[in-house]
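Below is one structure, written out as structure tokens; comments come after it.
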Amino acid sequence: MSEVEKVFISGLHEKLIEDKVIDESQLDPDFRKEIIKFGGKDVMTCLQCGNCTGVCPISLKIEYKTRTTIKYCQFGMKNATLSTRWVCATCYRCYEHCPADLNPAEVMIALRHIGIREGIIPPFVKRAASNLMGHGLTVRPDESILKEREKIGLPELPQSKPDWESVKEEVVTIIKTTKYDRLLGIRGDEDVSE
Amino acid sequence: MAMPNAELKDNGGGTEPKIGVFVCHCGTNIGGVVDCEKVAKAASTIEGVAVSKDLKYACSDLGQDEIQKAIKEEGLNRIVVASCSPRLHEFTFRNCVEEAGLNPYFMIMVNLREQCSWVHMKEPEDATAKASDLIRMGVERSKLLSSLSPREVAVEPTCLVIGAGIAGIQAALDVAQKGFKTYLVEKEPSIGGHMAQLDKTFPTGDCAICILAPKMVEASRQKNLEILAYSEVVDIDGYVGNFNVKVRMKPRYVDEEKCVGCGVCTEKCPVKVPNEFDVGFGMRKAIYVPFPQAVPLKYTIDAENCRQLQGKKCGACAKACINDAIDYEQQPRDLDLKVGTIIIATGFDTYIPMKKGVYSYWESENVITAMELERLINAAGPTGGHLIRPSDKTEPKRIAFIQCVGSRNHKLGIQHCSRVCCMYAMKNAQIIKEHDPETDIAIYYNDIRAFGKGFEELYHRIRMDYGVEFIRGRPARLTTDPETGNITIRAEETLLAKITERDFDLVVLSVGLLPSQGTMPIQKMLSLPTSPDGFLQELHPKLRPIETAIDGVFICGCAQGPKDIPDSVAQAKATASEASTLMIRSKHVVEPLTASINDELCVGCGLCTDVCPYGAIELQDKDGQIKAVVTEALCHGCGTCAAACPQRAIDQLQFSNRQIMSEISAALSHEKAAGGE
Amino acid sequence: MDEEFNPKIIAFCCNWCSYAGADLAGVSRFQYPPNIRIIRVMCSGRVDLSFVIEALRQGADGVLVTGCHPNDCHYIDGNKSAALRAEFFTEFLEEIGIEPERFRLEWIAGSEGEKFARVINKMVEDVRALGPIRSDDK
């Protein structure tokens, strides 16, 4: 498994297909329309100039290439974007520079919506969602960090105070009303060890 | 010829309308969606319709024969042709009925194709019902048509060409050679345009000024051709055959009759400023000619930079001039010209990055535009043809070209492809390589467009024989090393699917073509439509590429859209031909769709005079009463006056109030009568 | 007969821009519903408000006037008159109790075939939602 997949989607039950020759069976012609449905612009406007990749901070560091992901979307190669859709930092530099006025970051976000609805949820997303439901925050501070803060004399964080309960309740109400918990398959009390 | 309000007028066959309806199948274009037979049958039941038939192709000889036969045999005096758009075939069918002896304005068309069958392809039943409605509207309107005669206007056999680049020069030469008086107006001190700035031209490598200069000289010697350089068109009004043009001749502060172009003045001038012709790289004096081959070869004083004209004492040029040609008191002169046709050849400007950060153009000295490069490699340029880096004047060994700068970019709002940049980049690469084969050249591109004659061959040669590298990828970042002035380009090389960083000594931006600054004022003066890309719009994109919405006004060269020299010359010759055809005929036929006033109803309020865009209506005293009067020759037939008149005293011929009302009723009454839906 | 209400819309199109745009929509095969009947005029300035009133009176559920974009009028500024009249007319409709959305003024250039189709599609849907025009109005 590549570096990206190890970090982000280890544990997912679907594997990337690596065939030497791609044929129709691996392509989904409606993929582009799905992306539009979930808020991305039509990927067919992309002329593959590569400017997005060139300005992308993630593309600099790992194998991931913004342009290639868009190409897979154009082609309908859904399975080739399973892990890459999660590494985008949504900094929007790609959108700022794109001459075809496409927004690859929004395409990534659309892909994430599609992925979640198909049940392909990376562990780190589930963790963050569970934290949100159980504690009102996507990232819980370590107990040791809280103790350090107290030692140095820093003010208490809002989540350590008693009125945080009402915040948590409101968040849970929102989550339950929007069925976010059902979408992600969380209860809020999952094991949250990092 | 004042016409009373548009009453029913006959053609000698009694006032009873005898209407012929002809429904065209247009092959399957209409017939494939609309049930033409059914529609023709339904039309035959409308009161007043004597003949109603469907035809395969109404515009064909066969179709037209049938129409003419029906007119003669059945005594038809109104014709409704239900087929394609009147914008296509109105003249065809007007001529057709005229040949059969019927006044052509008794023929109207109903659009069953562009506005029915082609837009309701999946709803044949609804399209058929709509076709029936549209025909009924046409039939009812036809009952209210009157016989009209087209107006003829005289055409002044004089042509005005605005802009003297290669396109303007060629057009002016052609028109003048056909024997018509031609004015060639150019806002710069010399004719020649951008072509004079280029080094060599693609794909052959012809030296630009070498092929341009003889044409410029020819223009200066051409009988009938008057060059008005350093002049601008400031006002145009009138109409085809009769345009009144005001040209302002800007003061050179040099008497053109006396100046022989010797150049002594420029030697003595103490002021040096950047030369626009060299795009800022070279210098010129305040009194100057833009380039050695200038036509006319007359000196010009740049008033803004001239010491004497700015109030500080100098007078060096006046002292030096042996012919006493300097005239600091010279004033602008206005010329009033009367011309029959106008050819617009105002050319292009290149894209200049306006914002910081666009490929580091403003941040780095060693990032230059293609036009700047042309001057640096031109033997007559500021460096005598030695390509040197602006920062340290050394010879660049590694050069990058970046394509599509200021073109194909939605973010900049410039969506069009500028057509010439792929080829001029290759051409410039070839020139540089010929100078120094050791230079490394890389061209960063998105797509290569090498479509013309000899283009693909150059593309092949430039890789095979000259070893120029083509990198597919749009550069994402340019950074400049402050010490060396070298530039690092970071781009994803898409064919490698890798992000690379490469260093270059010089970067050339292949900038796109935009409509020139000089085009805008002319466009405003004539209210010429522009295409979405900002260039002047042609009348029809395929079949009428150099005509405009205004009769008698033609466009050629880059004013119409980005193009190379051969295409500009071809268009220039085309406009010369069109303009000449108009002027040879010496009379132009104008449609009689004009305003007509009923004096009995007119109360002289003058509202119509306010709204007429052409000032064609005036209030005049008629036997002690104020009445509105239309000057037919100025009326263009918009009908705005008719809509403005509170008394309904003005109406528009062929689009009268009653006619339009009849169409409204016919469109809606049938539904109500049938119980509605 | 529970059929969906099909609005009847009269459209006045100026010869040089919007009628040409409508033609281009046809040439490009952009599809739109068959609910409109186009009346060709030379300029949007030709459209007398009494035409619009008459159309509504005779049962049109909507009236569309289309012309050249401002500054692009073939007759220099006929479309300016159209714009001023449209502004007045919308207020007038409100005063007499007719939904002002039944009347629309749009600028469509000769190169905007897609826009023409889009405008018709939208107007038909919007007027459909308003329902048939009340027949008790003058």
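Reminder, nothing fancy here: chain letters follow the sequence lines and each chain counts from 1.
- The neighbour count for B:Gln517 CD, taken as heavy atoms of other residues, nucleotides or ligands under 6.0 Å away, does not exceed 12.
- Remark: A:Lys168 NZ is packed, more than 12 non-hydrogen atoms of other residues, nucleotides or ligands lying under 6.0 Å away.
- Shown here is A:Lys37, whose NZ atom has no more than 12 heavy atoms of other residues, nucleotides or ligands within 6.0 Å.
- Environment of CD in A:Glu150: sparse, with no more than 12 heavy atoms of neighbouring residues, nucleotides or ligands closer than 6.0 Å.
- When all heavy atoms of B:Ile499 and A:Thr53 are compared, the pair lying nearest together is CD1-O, 3.5 Å.
- The main-chain N or O of A:Gln48 is found under 3.5 Å from a side-chain atom of B:Arg472 such that the two form a donor-acceptor pair.
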Exercise. Which is it for A:Cys49 and B:Thr494 under the side chain to side chain contact (heavy atoms under 4.5 Å, CB included) test, yes or no, and what are the steps along the way?
Worked result: CA-CA 7 Å; A:Cys49 70; B:Thr494 65; over 6 Å; no
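- Closest non-hydrogen pair, A:Asn51 versus B:Ala476, comes out as OD1-CA, 3.3 Å.
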For this session: Starting from the C-alpha separation in whole Å, work towards a yes-or-no answer on side chain to side chain contact (heavy atoms under 4.5 Å, CB included) for A:Leu47 and B:Arg408.
Result: CA-CA 10 Å; A:Leu47 41 81; B:Arg408 305 181 71 195; 3.1 Å; yes
Exercise. Given A:Val55 and B:Arg477, is the side chain to side chain contact (heavy atoms under 4.5 Å, CB included) satisfied, shown in steps?
Worked result: CA-CA 7 Å; A:Val55 298; B:Arg477 200 174 77 149; 5.7 Å; no
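- Interface summary for chain B: among A:Pro99, A:Ala100, A:Cys56, the most heavy-atom pairs under 4.5 angstrom belong to A:Pro99.
- Checked for salt-bridge contact, B:Glu492 and A:Lys65 miss the test: no charged N lies under 4.0 Å from a carboxylate O.
- Summarising the local packing, NE2 of B:His410 is surrounded by more than 12 heavy atoms from other residues, nucleotides or ligands at distances under 6.0 Å.
- Within a 6.0 Å sphere centred on CZ of A:Phe75, heavy atoms belonging to other residues, nucleotides or ligands number 12 at most.
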